[in-house]
Amino acid sequence: MSEDLVQKRQNVTLVDHPLIRVKLTQLRDKETSPMEFRAILQQLAGLMLFEVTRSLETKSVMVETPLMMEAQGHTIGKPIVIVPILRAGLGLVDGMLWMLPEAKIGHIGMYRNEATLQPQHYYAKLPELKGATVLLLDPMLATGSSSVAAVSELKQHGAEAIIFVCLLSCKPGINRLQMAHPEIPIYTTAIDDGLNDKGYIYPGLGDAGDRYFGTI
């Protein structure tokens with residue numbers, strides 16, 4: 001499959017902003033401590049959210065201002081459900097909840113078998129997904145195996161509108177997710193060179209879960 005495929009797909013949004021570039025550089029730095037890594041990861045999630053929700057459906061409402069005047073405004077049109085892929089996806093949740101405190105939270109638990117590089121499913125706890133906008137979170141889109149499995153899980157539970165949000169991605173992972181679920185929009189802050197022989201994105205930022213939780 002052509003490595004240029006990712007540039008031709010319309011469902012990949014590269015979220016680019018000076019602050020995102022700076023904070024992503026800090027995450028890549030091996031000298032960044034777990035405490036700093038956690039804070040920056042949450043900040044990046046909040047910055048990404050503005051672009052991720054740009055096309056969010058709203059509906060009109062009327063409110064009364066302190067001047068006893070009516071003003072037309074907007075409210076979110078559909079429920080929002082945030083679903084991190086455990087465990088690293090947890091690092092993106094708080095940064096998004098700051099702007100979406102009304103969102104419900106679901107969890108999908110998967111870990112990668114280091115021998116086969118395939119996802120092992122161990123947990124799923126989800127609210128009602130039908131009719132909701134579901135934000136599926138994972139810092140890394142590497143081989144694409146976990147994201148493909150997680151999207152399939154969400155669909156089995158009734159999800160109809162899913163957006164995949166990651167910090168780092170690479171062409172193999174994007175291609176695999178789009179081959180399995182071509183309708184799913186992907187939002188990322190960088191598309192890195194590729195994967196090493198252990199299935200890690202390079203140059204990447206290491207294992208996001210280990211760096212976030214300090215388990216290196």
Side-chain angles (χ1 to χ4, degrees), residues 1-17 20 24 44-45 47-57 78 80-86 88-89 91-92 96 106-113 116-121 124 126 129-130 132-205 207-209:
M1 182 176 296
S2 171
E3 286 295 292
D4 293 331
L5 182 59
V6 88
Q7 281 84 10
K8 297 177 183 177
R9 297 288 178 104
Q10 298 301 311
N11 250 7
V12 180
T13 299
L14 187 63
V15 185
D16 188 30
H17 185 279
I20 286 178
L24 181 57
L44 269 171
L47 289 170
M48 288 188 73
L49 186 63
F50 286 95
E51 188 62 34
V52 170
T53 57
R54 181 177 293 277
S55 59
L56 201 65
E57 181 180 322
K78 293 182 178 180
I80 296 176
V81 178
I82 297 174
V83 181
I85 299 177
L86 303 178
L92 301 173
M96 294 192 171
H107 297 89
I108 291 179
M110 293 183 180
Y111 69 91
R112 182 170 64 172
N113 184 310
T116 65
L117 303 184
Q118 295 304 306
Q120 304 296 309
H121 183 277
L126 300 164
L129 301 181
K130 190 174 180 60
T133 299
V134 182
L135 306 182
L136 179 62
L137 312 181
D138 196 348
M140 317 293 280
L141 177 53
T143 65
S145 297
S146 294
S147 59
V148 167
V151 170
S152 296
E153 179 89 18
L154 292 176
K155 288 181 176 180
Q156 290 172 11
H157 282 81
E160 300 164 331
I162 304 168
I163 300 172
F164 185 79
V165 184
C166 61
L167 290 184
L168 283 187
S169 62
C170 62
K171 293 175 184 178
I174 290 173
N175 291 341
R176 185 165 186 179
L177 177 54
Q178 292 201 315
M179 285 183 66
H181 303 286
E183 81 285 4
I184 301 298
I186 299 170
Y187 287 80
T188 184
T189 66
I191 302 173
D192 275 11
D193 294 338
L195 300 170
N196 65 15
D197 57 2
K198 294 184 178 180
Y200 285 94
I201 296 174
Y202 68 84
L205 50 76
D207 187 297

Between M48 and C166, the two heavy atoms sitting closest are CE-O, 3.3 Å

How long is the gap from CD1 on I186 to CG on L141, to the nearest 0.5 Å? 6.0 Å

Quick one, L126 with I108, criterion side-chain contact (heavy atoms from CB on, under 4.5 Å). Give me CA distance, side-chain angles, the key distance, then yes/no. CA-CA 8 Å; L126 300 164; I108 291 179; 4.3 Å; yes

May I ask you to decide if I85's main-chain N or O and D138's side chain share a donor-acceptor pair within less than 3.5 Å? no

Which heavy atom of L86 sits nearest to which heavy atom of G109, and what is that distance? CB-CA, 3.9 Å

Quick one: do the H181 and S152 side chains pair a donor with an acceptor below 3.5 Å? yes

Minimum-distance pair of heavy atoms, taken over all atoms of G204 and D192: N-OD2, 2.9 Å

Any donor-acceptor pair under 3.5 Å linking the side-chain atoms of T143 with those of R176? no

Is the closest side-chain heavy-atom distance between V165 and M96 below 4.5 Å? yes

Contact between L49 and L135 at the side-chain level, heavy atoms closer than 4.5 Å - yes or no? yes

Hey, what do you get for OH (Y202) to CG (D197), rounding to the nearest 0.5 Å? 10.5 Å

Please report the shortest heavy-atom distance between D193 and P203, naming the atom on each side. OD2-CD, 3.9 Å

Give, for atom CD of E160 and atom CG of L129, the distance between the pair rounded to the nearest 0.5 Å. 9.5 Å

Hey, are the side chains of L195 and C170 touching, using non-hydrogen atoms and a 4.5 Å cut-off? yes

Using modelled atom types and a 3.5 Å cut-off, is there a donor and acceptor pairing between side-chain atoms of T189 and backbone atoms of L167? yes

Does a side-chain heavy-atom distance below 4.5 Å link L136 with I184? no

Working to the nearest 0.5 Å, report the span between CD1 of I162 and OG1 of T133. 10.5 Å

Please give me the minimum heavy-atom distance between V81 and G106, naming the atom from each residue. CG1-N, 4.3 Å

Reported CG-to-CG distance for the pair L24 and L168, which is rounded to 0.5 angstrom: 5.5 Å

Calculate, to the nearest 0.5 Å, the distance between atoms CE and OG belonging to M110 and S145 respectively. 10.0 Å

Would you mind reporting whether H107 and P84 have side-chain heavy atoms less than 4.5 Å apart? yes

List in chain and number order the residues that pass salt bridge (Lys or Arg N to Asp or Glu O under 4.0 Å) with E51, two or more places apart in sequence or in another chain; answer none if no residue qualifies. R54

Whether the side chain of T188 engages the backbone of L14 through a donor-acceptor N/O pair (distance < 3.5 Å, no angle test) should be reported. no

Kindly indicate whether the side chain of M179, heavy atoms from C-beta on, has any atom under 4.5 Å from the side chain of V148. no

N11 side chain to E183 main-chain N or O, any donor-acceptor pair under 3.5 Å? yes

